[in-house]
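Here's the structure, in structure tokens; my notes come after.
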There are 2 protein chains.
Amino acid sequence: MEKKIKDEVIICDKQHVHPYSVEETRAEMPDEEELFSLAEAFKIFGDSTRIRIICALMHKELCVCDLAELLNMGQSAISHQLRLLRTSRLVKTRREGKSIFYSLDDEHIELIINAGLAHIREE
Amino acid sequence: MEKKIKDEVIICDKQHVHPYSVEETRAEMPDEEELFSLAEAFKIFGDSTRIRIICALMHKELCVCDLAELLNMGQSAISHQLRLLRTSRLVKTRREGKSIFYSLDDEHIELIINAGLAHIREE
DNA sequence: TTAACATATGAATAGATGTTCATATAATAA
DNA sequence: TTATTATATGAACATCTATTCATATGTTAA
């Protein structure tokens, strides 16, 4: 049997709020620091150049100018984005002569991408 | 038995590239339009205010001023972000008197959030 | 060594984005 | 009706971000 709680109150001169809901939700949420990191992580995926790089590397390792050619963009732009991906530990590098090959460095990346694809492909 | 292909070539006065890798990868990638939508979708998750709203609504529906109170932010800022989430079909609304209650409107959202959490919690 | 190639990076710039402020709309209570 | 409460929204502003340009670093070949 569920109890019904009247969750409504007037606080000072402020707006009506539902303090029980608010406090209950606050207790259930991940802490601020974690939510901030989560947003920062999604920010990395929230750019089409980086998404294209990531999806390309899901297939096979590629060097910088391969990616520039593939995405039809300048080498510098690609290189700047790769630095971000490297800093975020999403890609790793391997040198072979003058070329530097990039590949994915995280098993969760494909999970995230696939969850995102499932999301945009529905409805 | 795998064939080894020498995937290296000089194109005009341009850089060295690995044309076989590039063409193979191009063929395997989702189309441009889909990758653009994917980036747009992740962009929504790439802001800590919106992530906090989404995580709050994962627990239970809340009205605008509940969210403002919970996140310690102005009503207008919350309302603007809710509009974005509404436009992106991530939340739905229900009116009850003067309050408008927001809740999640997509079964994939929790998948994406959980994939993201798994990602930031490792290493 | 010098030349050519591959990548990285700092600075500048243009465009996108989040919050605030003021105000509008909508529902309810008096 | 008018006043109050809840939400929505346009405009302004400051901040952030992605690309370009110029150049530096590092590797290989001649």
Side-chain angles (χ1 to χ4, degrees), chain A residues 7-18 21-22 36 39-40 42-53 61-88 91-103, chain B residues 7-18 21-22 36 39-40 42-53 61-88 91-103:
Chain A
D7 186 15
E8 198 167 322
V9 117
I10 301 171
I11 295 187
C12 318
D13 56 340
K14 292 280 188 62
Q15 298 163 305
H16 284 82
V17 287
H18 308 92
S21 292
V22 170
F36 185 80
E40 291 301 303
F42 282 123
K43 221 168 269 183
I44 302 293
F45 293 90
D47 173 84
S48 57
T49 298
R50 289 190 295 268
I51 279 284
R52 290 191 298 159
I53 290 173
E61 67 170 10
L62 293 168
C63 72
V64 180
C65 64
D66 288 343
L67 286 164
E69 165 93 2
L70 176 64
L71 307 187
N72 199 32
M73 290 180 65
Q75 172 269 322
S76 182
I78 299 295
S79 203
H80 277 294
Q81 296 298 353
L82 285 171
R83 182 153 59 99
L84 241 175
L85 294 171
R86 224 186 313 122
T87 302
S88 311
V91 300
K92 60 178 191 283
T93 60
R94 176 179 75 79
R95 180 178 277 279
E96 187 179 305
K98 277 173 289 192
S99 294
I100 295 183
F101 286 90
Y102 280 81
S103 56
Chain B
D7 186 17
E8 199 168 319
V9 117
I10 299 171
I11 294 186
C12 319
D13 55 340
K14 293 282 190 60
Q15 298 163 304
H16 285 83
V17 287
H18 308 92
S21 292
V22 171
F36 185 80
E40 290 301 303
F42 282 124
K43 218 168 272 182
I44 302 291
F45 293 90
D47 173 81
S48 56
T49 297
R50 289 190 295 268
I51 278 285
R52 290 190 299 159
I53 291 174
E61 66 170 10
L62 292 168
C63 72
V64 180
C65 64
D66 288 342
L67 286 165
E69 165 94 1
L70 177 65
L71 307 188
N72 199 31
M73 289 180 64
Q75 172 268 322
S76 181
I78 299 295
S79 203
H80 277 295
Q81 296 299 352
L82 285 172
R83 181 155 58 99
L84 241 174
L85 293 170
R86 224 185 314 125
T87 303
S88 312
V91 300
K92 60 177 188 287
T93 62
R94 176 178 76 80
R95 179 180 277 277
E96 187 179 306
K98 277 174 287 191
S99 295
I100 295 182
F101 286 90
Y102 280 81
S103 56

Would you tabulate the pairs of protein nitrogen or oxygen atoms and nucleotide nitrogen or oxygen atoms of nucleotides 25-30 of chain D closer than 3.5 angstrom?
none

Arg86(B) side-chain proximity, nearest of dT7(C), dA8(D), dA8(C)
dA8(D)
Protein-nucleotide distance (Gln75(B), atom CD; dA24(C), atom C1'), rounded to Å:
12 Å
According to a strict under-4.0 Å criterion, is Tyr102(B) in side-chain N/O contact with OP1 or OP2 of dA8(D)?
yes
Figure out the CZ/P separation between Phe101(B) and dA27(C), and round it to whole Å.
16 Å
When you look at CZ of Phe36(A), are more than 12 heavy atoms from neighbouring residues, nucleotides or ligands closer to it than 6.0 Å?
no
Report all side-chain donor-acceptor pairs from residues 42-49 of chain A shorter than 3.5 Å, counting only partners two or more places apart or in another chain.
unit_1, atom_1, unit_2, atom_2, d
Lys43(A), NZ, Glu40(A), OE2, 3.0
Asp47(A), OD2, Thr49(A), N, 3.0
Asp47(A), OD2, Arg50(A), N, 3.1

Classify every nucleotide of nucleotides 10-20 of chain D by which part a protein heavy atom approaches to under 4.0 Å, writing B for the base, S for the sugar-phosphate alone and - for neither, in 5'-to-3' order.
BB-----SSBB
Check: Val64(B) and Tyr102(B) side chains under 4.5 Å, non-hydrogen atoms:
yes
Working to the nearest 0.5 angstrom, can you tell me the gap between Thr93(B) OG1 and Arg86(B) CZ?
6.5 Å
To the nearest 0.5 angstrom, please state how far the CD atom of Glu61(A) sits from the CG atom of Leu67(A).
11.0 Å
Distance, nearest 0.5 Å, that separates CG of Leu82(B) from CD of Gln75(B):
9.5 Å
Contact check, side chains of Arg94(A) and Ser103(A), non-hydrogen atoms, under 4.5 Å
no
Between dA16(C) atom P and Ile44(B) atom CD1, what is the distance in whole Å?
15 Å
Less than 4.5 Å apart, side chain to side chain, heavy atoms only: is that true for Met73(A) and Arg52(A)?
yes
